[in-house]
Structure formats: C-alpha cells, structure tokens
Amino acid sequence: MDRFDKKIVVGMSGGVDSAVSAYILKQKGYDVVGVFMRNWEETDDEGICTADEDYKYVRNVCDQIGIPYYTVNFSKEYWNRVFEYFLEELRLGRTPNPDVMCNKEIKFKAFLEFALKLDASYLATGHYARIGDDGDKKLLLRGVDDNKDQTYFLYNLGQNELAKTMFPIGDLPKSEVRKIAAEAKLASAKRKDSTGICFIGERDFNKFISNYLPAQSGNILDIKTGKKVGEHSGLMYYTIGQRKGLGIGGNSTKSEPWFVAKKDIEKNILYAVQGEDDVLYSTSCDVSNLSFVAGQAPTEVFDCTVRLRHRQKDRGCTVHVEDGKAHVDFHDRQRAVTPGQSAVFYIGEVCLGGGVVEKAE
RNA sequence: UGGGGUGUCGCCAAGCGGUAAGGCACUGGACUUUGACUCCAGCAUUCGAAGGUUCGAAUCCUUCCACCCCAG
C-alpha cells in the first residue's frame, strides 16, 4: 500500500515528457528509477550522436529529481524487430510506421520485461495516453490533450502490458507539462519536442533510407492518361497522397499540384494524379495484424471511428472482423489510405485497438 | 527556299508604352515521436540577342538568332 514500496521504472528519453513523468511519480512518493534506452548507435546527418545528447539530459534531470538512473541497450532487438520490419515494408512499396512497431516490440515488450526483472511494479513512460478501468478490464484512453494524443502509436498494447504500465502525464495538457518542468527547473524544460522516428531522430528521410535500400529510378505516369509526366528516384521514397518531391512542373491544361496516387512495385512505376482527384480517396480498406486492447474485438461487426494516420482526425466507420482480419467501411470517403500505415479504432475516448492497412479500395 | 506564328523565372502563363500577376516545381520554416497532407515565407533589376524611337519599352521600329506550322 505504501507508495515507497512501489518501484517504478520510467523510460527516460531526454525530453520533457518523460522527465515530468519521472518528476511527478517521485513527488507522489514512489521509488522511481530512470532508465535510458539506447537503441540506435549511428550518428545523424551532422555526425552527431543524438543518443549522447539525450543521455546527458537524462542524467541531469535524474540528478535534479534525485533518482538513480541506468542505461540499457536494445539496439539489437530494435534492429531485428523494428528496423528490419521497416525496411522490408519499404521494399514492398508500403509505408510502415516504425514507432508503432517500436512500442509493440521494444518499449512495451523488451523494455517492459527488463523493468519487471528489476523488480519494478510498473513501467512508466511519457506518452500522452491514459489507462482506465472497465470492471476487470484495462482501457487505453486518449490523452486529455487532444493535440498530443499518442494512442495511435500504442494500440498494440494489451491487458498484460496495461496492467504494468503508467502514463503519468496522460491527464495533463502539454502546456501544463511544460509548466511543471519549468517550475521544477528541469534541464529539459525548454527542449524542443522531438520528432522523427523514435530513437533514430530527425533525418533527411530519402538520404537515410538510401543507406539501407538500393534505389531504382523509374517513370512517373499520369494515372488518368498513362502518359509519362516525370521520373521518380525510387518507389520507397514516396507515400500515397504525397505532394512534395514529385518535381512535376506546370502544364497548359491545369495549374494544380500532383499527388502520388499509386505504386506499381512490379513495374517500378509511380502513378500520380493532378489535383484532389477521386482516385486519392477510398471508401473501405482491409486491415490485418489486428490487436485489441481488450484481447478481442467487441463484436464481429461494430461501428466506431478510425484513425488512418497519426494526427489525422478519426472518422466514422463500420468494422467487420473475420479470421483475425477486418474489413473497414468508411462512413465518409478517406484520403490517401495507405498500406502499411495503421488503422486505429476508437469509441469516444477509448482506443479499442487496430491493425495494419493491407489494401484500400 | 517562300508564307505565317512564337520566343517573359526550372515548367505553364499574365502583361499590349509607364516602370515584370499568378499557378506548378523548388528552397526555408511552422506543425508533427512514422515519409506525409496542411499552413507560412522566399523565389526573374529582368522579359531570345544587338541596336533604335521615347521623359520612359517586355510592350513600338530595325537587324540577327532559335523553335513551330503551312507550302515546296
């Protein structure tokens, strides 16, 4: 019962969110241990090892808070379970979400196991998400700060994980987190929010993946006419709905921008369309690798909302679950539904779970 | 070789004697724990070239150059 008996491992990234998470738990009287994960050994484009920089902040913050800290290295696991998957999806011409996989395989699997081995009662992270109760079931709830909600990345968590997890800042708006950090004078209080692939950081995406995958240039065809309108430098550099990077200039007919409409990985052809055309929109999609927070789908058929890309607004849909897969009918057509991205289901504040888009129609 | 047409930013494209619109592309930034989407900003001292007329020209004149079309 005594909080002092409860040991909690906090995953520290070097940013404000995890720092404040640790700070809050410490304030509440828990036995807090900060652990920094080192999962990517390479330096960034400028030759800077971002992990070193991050760890410096972790050390400073932990000293300020007065908690012990450790570092653990899951580079091998990250490479094998996340990065290999990431590359394979790109080879297939899909658009993977490595951070979804990172949460599933690293943070809430390898890292969680590590924390429990340290005799921790819980693993805490700085995610903007909440854990609720529904009788004997745990619920994954959106963070109260709608703008920062990160449940999209966490839908693979199940009952076992949630029972051992805490999200200390999930019920706070970002502004409040910043304020707490500032008042506690935490070293990372004013650090810019990190973006980019978790653990890898902000990169020139094309340049980055060109280090791992061979690029094969080819033609860009107008999906409407089949005529060549440009050249691409490699299909993996493009995602459905993308505008930037096509390099297709004006012509005499229209003055609208071009968007990626489709990829033909067999023929190495990128199809583009000019303007917000119907071909960019889908009315349904197939989803595989389903994972439900409750352990199973609510029913075989259910209505909910679905988010198809991070920070995209979720929209109404009807889900048919069968043989571990789902067919999702959108109530309104959706733009740029992309294979490899996750479809995450919600009912109000509750994140039900989700899966990976296989095909959009 | 005759006849006609066109040459304005990487690509389209306004302008028609008064001191270079706009769109696309591109670049930078904002947003963002996935590559986007979106938003904001920047982007031709110069109008195929050289002369000339004029207070003043991309806009008028002359010559030249390039490309296109129709004849042959």
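Lettering follows sequence order; numbering is per chain, from 1. No experiment lies behind these values; they were computed from the predicted model shown.
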Picking from B/A36, B/U38, B/U32, which would you name as closest to the side chain of A/Phe259?
B/U38
Could you measure between the two C1' atoms, the one in B/A25 and the one in B/C11, and give it in whole Å?
7 Å
Specify the separation, in whole Å, of atom CG of A/Leu154 and atom P of B/U34.
13 Å
Is atom CG of A/Asp133 surrounded by more than 12 heavy atoms (other residues, nucleotides or ligands) closer than 6.0 Å?
yes
To the nearest angstrom, how far is A/Asn97 atom CG from B/U33 atom P?
12 Å
Taking the nucleotide of RNA chain B with the closest heavy atom to each, which residue, A/Glu276 or A/Asp99, is nearer the 5' end?
A/Asp99
Any base atoms under 4.0 Å from A/Arg335, or only sugar-phosphate, or nothing? Heavy atoms, all strands.
sugar-phosphate
Using Watson-Crick or G-U wobble geometry with both distances under 3.5 Å, which nucleotide pairs with B/C16?
none
Rounded distance in Å between the P positions of B/C47 and B/U32:
45 Å
Just call it for A/Leu90: base, sugar-phosphate, or nothing, with non-hydrogen atoms closer than 4.0 Å on any strand.
base
Provide the distance between the two P atoms, one in B/U6 and one in B/C61, to the nearest whole Å.
12 Å
Whole Å only: how far is the CZ atom of A/Arg333 from the C1' atom of B/C37?
15 Å
If the P atom of B/G51 is compared with that of B/U46, how far apart are they to the nearest Å?
15 Å
Looking at A/Arg81 and A/Glu77, is there a salt bridge between them, counting it only when a charged N and a carboxylate O are closer than 4.0 Å?
no
